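Quick caveat, the model's predicted, so the values are computed rather than measured.
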Amino acid sequence: MTVGSPAALSRELVDSLFPAGLPEPSHWEERYPPRDLPAAAEVTRFAPSPTGWLHIGGIYTASVSRDLARQSRGVYVLRIEDTDQSRFEEGALAQFEAGFDYFGIQADEGDLGGETKGRYGPYTQSARAEIYQSYVRELLREGKAYPCFATKEDLAEITAKQKATGALPGYYGDWAIWRDAPQEQVRERLAKGDPYVVRFRSPGIGGQRVTFTDVIRGEITADDNRNDVVILKSSANEVRLPTYHLAHAVDDHLMRITLVVRTDEWLSSVPLHLQLFDALGFDRIRYAHAAPLMKLDAGNRRKLSKRKDPEASVGYYIEQGFPREAVQYYLRGLMNGRLAELPLPEALAAPIRLDDFGLAGPLLDMVKLDDISADYVSGLTGEEILDRIPPWAETYDPDLATILHTERTPALRALSVERGAGVENPRKDLRKWADFRPVYGFFFPEIFRLVTDPADERFGGLAPDIVRAMASGFADGYTAPPAKTEPSADTAWFDQVRSLAASLGFAPNQKTYKKDPDAYPGSIADASAVIRVLITGSRRSPDLAEVCTALGAEEVLRRVRAV
RNA sequence: GGCCCCGUCGUCUAGAGGCCUAGGACGCCGCCCUCUCAAGGCGGUAACGCCGGUUCGAAUCCGGUCGGGGCUACCA
């Protein structure tokens with residue numbers, strides 16, 4: 001056991017590990033100087049890994065970072081953490097942009113759309129390999145890091161022994177077999193061309209505790225880190241990239257980030273990160289660890305998983321066409337509970353406060369989102385809705401896009417039923433753009449499918465001949481609804497349904513029917529449902545009289561006679 | 001196993017020792033309105049994980065316990 005600080009590898013040996021022209025850290029310090037910002041300004045960042053669609057939790061965290069920066073007149077940076085090339089997914093970057101775009105989260109700095117915006121770039125870690133190497137070399141020169149030639153097998157063996165003896169797992173203390181290896185041995189392995197990683201020589205001592213302050217959670221005390229974590233990945237890789245820990249410290253320092261907002265799972269790495277900042281000679285940074293979005297699974301809550309939960313992926317919200325405002329509002333309410341009580345525009349305008357974050361991870365409630373969304377859409381006019389569906393449909397429902405393009409007027413008529421100015425209770429039948437086709441598709445003859453089977457289950461089990469009788473009776477005596485000049489106009493139109501139903505023996509209202517169900521084939525509700533299903537294909541639809549006006553008598557009769 | 005975080009209605013939460021017989025919102029249930037579907041109105045259901053302690057008094061403070069989550073990777 002070596003006491004005190006073991007001798008660092010010779011400078012000549014260390015430097016031989018890196019390209020001759022590799023800049024010194026001071027070069028980067030000058031290249032990325034402290035920012036000239038007001039004292040209270042926060043520089044925040046969101047740093048996703050390009051492994052497919054962004055997680056909805058990413059939108060959540062990114063929003064917080066962006067808002068905090070904006071509120072303080074600071075800067076919000078988007079950084080791409082692609083140090084794990086094996087997990088890199090083609091197209092992920094484009095999906096990120098689509099996601100940020102959809103939710104309106106624009107970065108002040110970042111590698112955006114193929115261009116670097118901001119003077120602290122590049123903002124993609126694989127393009128910053130040289131920077132990390134400068135710092136790793138420095139750490140090696142100072143003896144704060146060392147090369148480690150341990151193979152997978154060596155590591156597995158160590159772990160097995162630790163397990164057997166009940167020792168804490170990890171690469172530390174006497175288990176760290178390359179920590180104090182003689183320089184000759186290192187040279188020898190290097191000469192043989194054996195691959196190696198660079199490990200951080202943790203100054204942590206077993207049993208020692210550290211205390212730090214988290215902006216959301218307050219003071220936290222934990223075991224200090226004593227693991228000699230890998231900071232530079234294997235020399236066998238083509239490009240020598242760092243692990244997250246080193247990259248985080250270097251990037252957040254050089255990008256002059258002031259506040260790191262990230263999810264919970266990083267909390268236990270803070271002691272390590274603090275050691276790294278100290279070893280690198282960087283000023284420490286403030287952390288805010290937010291609880292991640294959760295999902296209820298078999299009675300337990302767990303982190304939302306992109307693999308298991310479709311709603312975890314940002315792509316889902318875009319494909320379904322959830323209006324961004326509704327999702328933003330919902331997410332914002334999850335961040336700061338009191339914002340959920342505010343009307344949407346105020347909630348979106350109100351500042352986010354780290355102090356108001358809940359400590360437990362909230363469960364994502366799609367039913368609640370549906371409610372918020374339906375409420376939001378019900379406040380839009382037909383024109384507004386029609387402006388927003390086509391851009392969505394072009395990608396996710398091209399046929400619908402074509403129809404809306406060629407038949408804007410009927411579409412508008414469909415959407416103005418019980419909606420728009422003067423309607424105090426607008427319909428809440430649209431939660432997302434994908435709902436348009438099932439809910440309003442029947443307005444368009446080319447996508448409406450006639451209901452021809454009198455035994456169709458949508459008729460609710462009524463006898464087929466009763467269904468037929470309703471249909472033919474309605475068609476034979478049909479009079480189109482009068483232009484709607486006063487409320488009573490609908491009443492007059494509906495009278496034909498009512499009297500027809502009465503003649504077929506239906507109960508005139510629900511109450512009468514309930515008193516003696518066996519005496520009638522059904523109530524007026526069931527009778528009118530037949531007409532509704534024939535005309536709209538659904539038991540749920542906007543006001544029938546208005547629908548018939550919009551459709552025109554000819555189309556109405558074509559549908560009713562189809563059965 | 002070790003360490004850390006978390007724990008109020010089904011869900012999101014209000015609550016910072018007496019304002020709590022625990023409030024609101026979503027959901028669910030019922031009723032009303034009504035010419036049909038929605039919507040809307042009204043009402044209801046339902047929670048401080050558990051056990052001790054401190055205190056005249058605890059959802060709020062302390063201890064323990066249980067439960068859930070995270071970390072313990074050349075993933076982030």
Side-chain angles (χ1 to χ4, degrees), chain A residues 47-49 51 81-84 86-87 148 150 152 155 162-163 166-171 195-199 209 214 217 220-225 227 229-237 241-245 247-248 262-272 289 291-292 294 296 299-303 330 333-334 336-338 340-341 358-372 374 378 418 423-429 439 490-495 497-498 501 508-510 523-532 536 538-545 547:
Chain A
S49 291
T51 58
E81 309 221 318
D82 60 345
T83 53
D84 185 1
S86 65
R87 291 207 312 164
C148 168
K152 269 201 174 65
L155 296 174
Q162 288 169 332
K163 213 170 184 180
L168 254 28
Y171 196 90
Y196 65 95
V197 299
V198 176
R199 286 184 184 269
R209 309 275 290 169
D214 179 89
R217 285 159 205 281
I220 289 167
T221 300
D223 282 352
D224 199 2
N225 171 67
N227 268 133
V229 297
V230 173
I231 53 177
L232 194 65
K233 299 182 184 189
S234 175
S235 56
N237 297 144
L241 288 171
T243 58
Y244 171 85
H245 303 110
H248 149 59
R262 31 134 87 152
T263 37
D264 247 359
E265 72 255 31
W266 293 108
L267 200 51
S268 10
S269 311
V270 173
L272 195 218
H289 289 92
M294 310 289 273
L296 203 60
N300 292 142
R301 49 178 68 200
R302 50 151 238 255
K303 248 171 74 178
Y330 175 57
L334 250 27
N336 282 188
R338 57 192 82 236
E341 315 276 319
L359 301 180
L363 246 32
L364 200 63
D365 184 352
M366 294 308 281
V367 176
K368 176 98 179 187
L369 209 213
D370 277 349
D371 177 75
I372 287 173
S378 77
E418 293 176 84
V423 178
E424 69 280 15
N425 279 339
R427 295 195 68 78
K428 288 195 175 178
D429 47 11
V439 176
D490 289 348
T491 312
W493 182 86
F494 192 77
D495 279 342
V497 177
R498 199 196 338 250
N509 55 51
Q510 291 281 13
S523 78
I524 179 75
D526 300 303
S528 81
V530 172
I531 304 301
R532 163 163 283 139
T536 71
S538 166
R539 292 181 74 89
R540 283 183 56 167
S541 83
D543 182 89
L544 265 190
V547 167

Using atom [atom1] of each nucleotide, how far apart are [N] and [M] to the nearest Å?
N: B/rA47; M: B/rC9; atom1: C1'; result: 4 Å
N: B/rU11; M: B/rC48; atom1: P; result: 12 Å
N: B/rA59; M: B/rG49; atom1: C1'; result: 12 Å
N: B/rA58; M: B/rG17; atom1: P; result: 14 Å
N: B/rC5; M: B/rU45; atom1: P; result: 38 Å
N: B/rC33; M: B/rC20; atom1: P; result: 35 Å
N: B/rC31; M: B/rG53; atom1: P; result: 48 Å
N: B/rG41; M: B/rC61; atom1: C1'; result: 44 Å

Proximal nucleotide (of [options]) relative to the [X] side chain:
X: A/N425; options: B/rU36, B/rC37, B/rA39; value: B/rA39
X: A/T83; options: B/rC12, B/rC4, B/rA76; value: B/rA76
X: A/P362; options: B/rU13, B/rU36, B/rG27; value: B/rU13
X: A/R199; options: B/rC74, B/rU36, B/rA76; value: B/rC74
X: A/L363; options: B/rC4, B/rC12, B/rG2; value: B/rC12
X: A/R87; options: B/rC37, B/rA76, B/rG2; value: B/rA76
X: A/D223; options: B/rA76, B/rG2, B/rC37; value: B/rG2
X: A/R209; options: B/rC37, B/rG40, B/rC3; value: B/rC3
X: A/R532; options: B/rC37, B/rG27, B/rC35; value: B/rC37

### Task
Verify whether one side chain among A/R87 and A/T51 offers a donor that lies under 3.5 Å from an acceptor in the other.
no
When we call it a touch if two heavy atoms are under 4.0 Å apart, what does [X] touch: a base, just sugar-phosphate, or nothing?
X: A/R539; result: sugar-phosphate
X: A/L155; result: nothing
X: A/S49; result: sugar-phosphate
X: A/E341; result: base
X: A/V197; result: base
X: A/S538; result: nothing

For atom [atom1] of [X] and atom [atom2] of [N], their distance in whole Å:
X: A/I372; N: B/rU11; atom1: CD1; atom2: P; result: 17 Å
X: A/K368; N: B/rC26; atom1: NZ; atom2: P; result: 6 Å
X: A/L272; N: B/rC3; atom1: CG; atom2: P; result: 18 Å
X: A/R540; N: B/rC37; atom1: CZ; atom2: P; result: 12 Å
X: A/D429; N: B/rG40; atom1: CG; atom2: P; result: 12 Å
X: A/I231; N: B/rC75; atom1: CD1; atom2: P; result: 14 Å
X: A/I531; N: B/rC37; atom1: CD1; atom2: C1'; result: 14 Å
X: A/D543; N: B/rA38; atom1: CG; atom2: C1'; result: 10 Å

### Message
Just to verify, what does A/R338 make a side-chain contact (heavy atoms from CB on, under 4.5 Å) with, not counting sequence neighbours?
### Response
A/R353, A/D356
### Message
The criterion is ring pair (Phe, Tyr, Trp, His ring centres under 6.0 Å); which residues satisfy it with A/Y244, sequence neighbours excluded?
### Response
A/H248, A/W266, A/H273
Counterpart base for [N], defined by Watson-Crick or G-U wobble contacts under 3.5 Å:
N: B/rG1; result: B/rU72
N: B/rC48; result: none
N: B/rC26; result: B/rG10
N: B/rC31; result: B/rG41

Are the side chains of [Y] and [X] in contact, using a 4.5 Å heavy-atom criterion?
X: A/P271; Y: A/D223; value: no
X: A/V497; Y: A/R532; value: no
X: A/T243; Y: A/V229; value: no
X: A/T83; Y: A/E81; value: no
X: A/L155; Y: A/K152; value: no
X: A/I220; Y: A/H289; value: no
X: A/L334; Y: A/L364; value: yes
X: A/D84; Y: A/K233; value: yes

### Query
If the sugar-phosphate is the primed atoms plus P, OP1 and OP2 and the base is the rest, what is the B/S/- string for nucleotides 66-72 of chain B, using protein heavy atoms under 4.0 Å?
--SSBSS
### Summary
Distance col, row A/D264:CG vs A/K303:NZ, nearest 0.5 angstrom, shows 9.0 Å
#### Entry: Side-chain donor or acceptor of A/R540 paired with backbone N/O of A/V439 under 3.5 Å
no
#### Entry: Residues which pass salt bridge (charged side-chain N to carboxylate O under 4.0 Å, His left out) with A/K368, listed by chain and number, not counting sequence neighbours
none
### Message
Given the structure, check if the side chain of A/R217 and the base of B/rC6 hold any donor-acceptor pair shorter than 3.5 Å.
### Response
no
### Task
Report the residue (A/S235 or A/P542) whose heavy-atom-nearest nucleotide on RNA chain B is the more 5′ of the two.
A/P542
### Query
Run the side-chain contact (heavy atoms from CB on, under 4.5 Å) check on A/F494 and A/I531 step by step: do they pass?
CA-CA 11 Å; A/F494 192 77; A/I531 304 301; over 6 Å; no
Every protein N/O lying under 3.5 Å from an N/O of nucleotides 7-10 of chain B:
none

At a cut-off of 3.5 Å, list every protein nitrogen or oxygen paired with a nitrogen or oxygen from nucleotides 61-64 of chain B, distance to 0.1 Å.
none

